[in-house]
**Student:** 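Handing you this structure, nothing more for now.
Order of listing sets the numbers, starting from 1, for every ligand and every atom in it.
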Amino acid sequence: MSVIQAVRGTKDILPDEILKWHKLEEIARKVSANYGYKELRTPIFEKTEVFTRGVGDGTDIVNKEMYSFLDRGGESITLRPEQTAAIVRAVIQNNLLKENSTTRLYYIGQYFRYERPQKGRLREFHQYGAECINSPYPESDAEVICLAVSLINKLGITDYKLRLNSLGNEISRANYRNVLINFLESNKEKLSEESKARLTTNPLRILDSKNPIDIEITTKAPNILDSLDNESIEHFDEVKKLLTASDINYEISPNLVRGLDYYSHTVFEFQSTYLGAQDAFGGGGRYNSLFKELGGKDTPAVGFAMGIERLLLILEQIEQQEMENLKDLIDVIIVPTSEKHLDTAMRVANIVRNKLELSCLVDVNRRSMKSQLREGNKWEVMWALIIGDDEAATDSVTVKYMMEKIEQSSIKIEDIVKQNW
Ligand code: HAM
């Protein structure tokens with residue numbers, strides 16, 4: 001009988017890998033607690049309506065990517081493609097909101113989107129995220145961004161970009177939508193087929209199309225920041241001010257619109273060059289109308305989520321890079337063929353390190369010459385200086401050039417400093 005494989009785009013997390021997951025989750029929980037966020041866990045599936053109404057009919061997530069099915073009772077159920085809409089549903093249902101007070105929540109879990117699998121893109125993936133609910137003020141936007149940055153820092157990720165934009169309040173956004181549609185309509189013929197289709201369903205998404213045909217047009221599109229009204233400008237300015245005060249670097253990206261319908265005002269995304277095409281490892285923004293959309297009271301909120309697989313990919317690459325850098329640090333390996341020659345080895349190492357100012361290793365495990373040379377290969381050292389009985393007798397070393405097969409040569413220890421290394 002044939003062997004059954006896991007579903008395409010899903011992955012087993014093996015015992016060898018699980019420690020990295022535990023560690024990341026532990027750091028995420030700790031950082032969340034430091035900011036006063038408490039965990040909320042919701043079911044893995046919800047009524048489909050939570051996401052069609054929440055995430056939005058015009059989005060790719062709802063249109064093309066949801067795992068939806070009718071259960072045996074005929075109810076339409078969806079495996080959650082994201083957490084925010086489900087959190088809002090749970091907060092309303094469980095009365096977690098308090099008048100004049102903020103509800104701070106975080107989550108870790110798995111999510112499902114029927115996307116084309118590739119590096120960093122799965123059909124079942126994991127997110128850590130946080131939501132700050134019931135504050136309309138820019139300080140809560142800044143708070144969740146600070147929380148995200150604290151986590152990124154704690155994980156040891158330094159090389160990343162925070163992209164920031166404002167979609168403005170609903171009025172500004174609607175105004176911009178019209179301006180943008182007019183512009184795109186006049187360039188319709190030049191747009192990709194996918195973007196042509198989006199012109200009526202979700203025109204803002206055309207702005208972050210990665211298709212070069214679209215990019216050529218969208219770079220000339222009217223800037224969303226020029227459509228913001230005073231209230232929206234003030235909100236955005238304050239967010240920027242608070243981020244600067246918190247020592248957080250950001251880049252303003254007027255074309256950043258994000259793939260979910262519920263955003264207004266601030267939107268942001270974290271990008272890493274370590275990831276290739278799927279370079280966003282986190283994103284979020286403000287969603288002031290989602291509560292109303294899902295039948296609750298008008299409640300402003302803001303939050304973000306990060307892809308755990310993508311964070312782990314970045315960490316893996318950083319580790320690899322560090323190994324590479326370490327390798328680069330070692331120029332010379334000193335190889336005593338027995339412990340009898342350790343004193344000479346130390347003397348030679350001193351000369352190499354202090355007089356030649358080259359980096360150098362001496363084996364401290366009394367290994368054979370062969371395994372010392374193998375270690376040298378691992379570090380990609382340039383030269384091995386071998387000290388055996390003959391060399392000790394003549395106060396010299398045998399020089400082996402490790403990069404290519406070049407004849408070994410002998411050199412007096414006193415001449416090591418004169419050599420051109
Ligand atoms: P999102 O941008 O759709 O936002 O997803 C957040 C992160 O989840 C992405 O930046 C990425 O790292 C990861 N991710 C998304 N899809 C996949 C996939 N197919 N495979 C692997 N990783 C993936 C949201 O989900 C919003 N709910 C964020 C939010 C919270 N906004 C406000 N609050």
**Student:** Checking a contact table here: which protein heavy atom is nearest atom 13 (C) of ligand 1, and how many Å away?
**Tutor:** G307 CA, 3.6 Å

**Student:** How does Y107 reach ligand 1, by side chain, by backbone, by both or by neither, if only non-hydrogen atoms under 4.0 Å count?
**Tutor:** side chain

**Student:** Return the closest protein heavy atom for atom 11 (C) of ligand 1 as residue, atom name and distance.
**Tutor:** R310 NH1, 3.5 Å

**Student:** Taking N94 for the side chain and L96 for the main chain, is one N or O donor matched with an acceptor at less than 3.5 Å?
**Tutor:** no

**Student:** Are any of the N/O atoms on L260, whether in the backbone or the side chain, positioned under 3.5 angstrom from an N/O atom of ligand 1?
**Tutor:** no

**Student:** Does E309 come within less than 4.0 Å of ligand 1, judged by its heavy atoms?
**Tutor:** no

**Student:** Would you mind checking if R104 and E143 are paired as a salt bridge, meaning a charged N to carboxylate O distance below 4.0 Å?
**Tutor:** yes

**Student:** I'd like to know if D363 and R366 make a salt bridge, using a cut-off of under 4.0 Å between side-chain N and carboxylate O.
**Tutor:** no

**Student:** Using the benzene-type ring in the case of Trp, are the ring centres of Y106 and Y37 under 6.0 Å apart?
**Tutor:** no

**Student:** At less than 4.0 angstrom from any non-hydrogen atom of G284, what atoms of ligand 1 do you find?
**Tutor:** 31 (N)

**Student:** Hey, does the side chain of E46 reach the backbone of T78 with a donor-acceptor pair shorter than 3.5 angstrom?
**Tutor:** no

**Student:** Nearest heavy atom to atom 29 (C) of ligand 1: which of Y287, Y114, Y263 does it belong to?
**Tutor:** Y263

**Student:** Tell me whether M306 has any N or O atom under 3.5 angstrom from an N or O of ligand 1.
**Tutor:** no

**Student:** Under 4.0 Å from a heavy atom of F304: which atoms of ligand 1 are those, numbered in the order shown and with their elements?
**Tutor:** 29 (C), 30 (C), 32 (C), 33 (N)

**Student:** Could you tell me whether some N/O pair between E269 and ligand 1 is separated by less than 3.5 angstrom?
**Tutor:** no

**Student:** May I ask you to check if ligand 1 and L122 share an N or O to N or O distance below 3.5 Å?
**Tutor:** yes

**Student:** Using distance alone, decide if ligand 1 has a nitrogen or oxygen within less than 3.5 Å of any nitrogen or oxygen in I61.
**Tutor:** no

**Student:** I need the I314 CD1 to M306 CE distance, nearest 0.5 Å.
**Tutor:** 9.0 Å

**Student:** Answer with yes or no whether G120 contacts ligand 1, where contact means a heavy atom under 4.0 Å from a ligand atom.
**Tutor:** yes

**Student:** Assess Y262 for proximity to ligand 1: is some non-hydrogen atom of it under 4.0 Å away?
**Tutor:** yes

**Student:** How close does the nearest protein non-hydrogen atom get to atom 32 (C) of ligand 1, and which residue and atom is it?
**Tutor:** G303 O, 3.2 Å

**Student:** When you look for heavy atoms under 4.0 Å from ligand 1, do you find them on the side chain of R121, its backbone, both, or neither?
**Tutor:** both

**Student:** Under 6.0 Å from the ring centre and within 45 degrees of the ring axis: does the NZ or CZ of R310 meet both conditions for the six-membered ring of F281?
**Tutor:** no

**Student:** Which residue supplies the protein heavy atom nearest to atom 27 (N) of ligand 1, what is that atom called, and how far is it?
**Tutor:** E82 OE1, 2.6 Å

**Student:** Determine whether the side chain, the backbone, both or neither of R258 has a heavy atom under 4.0 Å from any heavy atom of ligand 1.
**Tutor:** side chain

**Student:** For ligand 1, which is the ligand I care about here, please tell me if A280 has any N or O atom under 3.5 Å from one of the ligand's N or O atoms.
**Tutor:** yes

**Student:** Do L275 and L313 come within less than 4.5 Å of each other through their side chains, counting heavy atoms only?
**Tutor:** yes

**Student:** Within the 4.5 Å heavy-atom criterion, are S264 and N169 side-chain neighbours or not?
**Tutor:** no

**Student:** Who's closest to atom 23 (C) of ligand 1 heavy-atom-wise, of F112, F125, Y128?
**Tutor:** F125

**Student:** What I want to find out is whether R123 reaches E65 closely enough, with some N-O distance under 4.0 Å, to be called a salt bridge.
**Tutor:** no

**Student:** Quick check: does any side chain N or O of Y287 sit under 3.5 Å from a backbone N or O of T84, one acting as donor and the other as acceptor?
**Tutor:** no

**Student:** Would you please determine whether G282 falls within less than 4.0 Å of ligand 1 on a heavy-atom basis?
**Tutor:** yes

**Student:** Would you confirm whether N365, through its side chain, and R367, through its main-chain N or O, come within 3.5 Å as a donor-acceptor pair?
**Tutor:** no

**Student:** Distance to 0.1 Å, residue and atom name: give those for the protein heavy atom nearest to atom 33 (N) of ligand 1.
**Tutor:** E131 OE1, 2.8 Å

**Student:** State whether K23 and E26 are salt-bridged, where the test is any N-O pair (Lys NZ or Arg NE/NH1/NH2 against Asp/Glu carboxylate O) under 4.0 Å.
**Tutor:** no

**Student:** What do you reckon, does T84 have a nitrogen or oxygen under 3.5 Å from a nitrogen or oxygen of ligand 1?
**Tutor:** yes

**Student:** Check whether any side-chain heavy atom of I108 sits under 4.5 Å from a side-chain heavy atom of R29, and report yes or no.
**Tutor:** yes

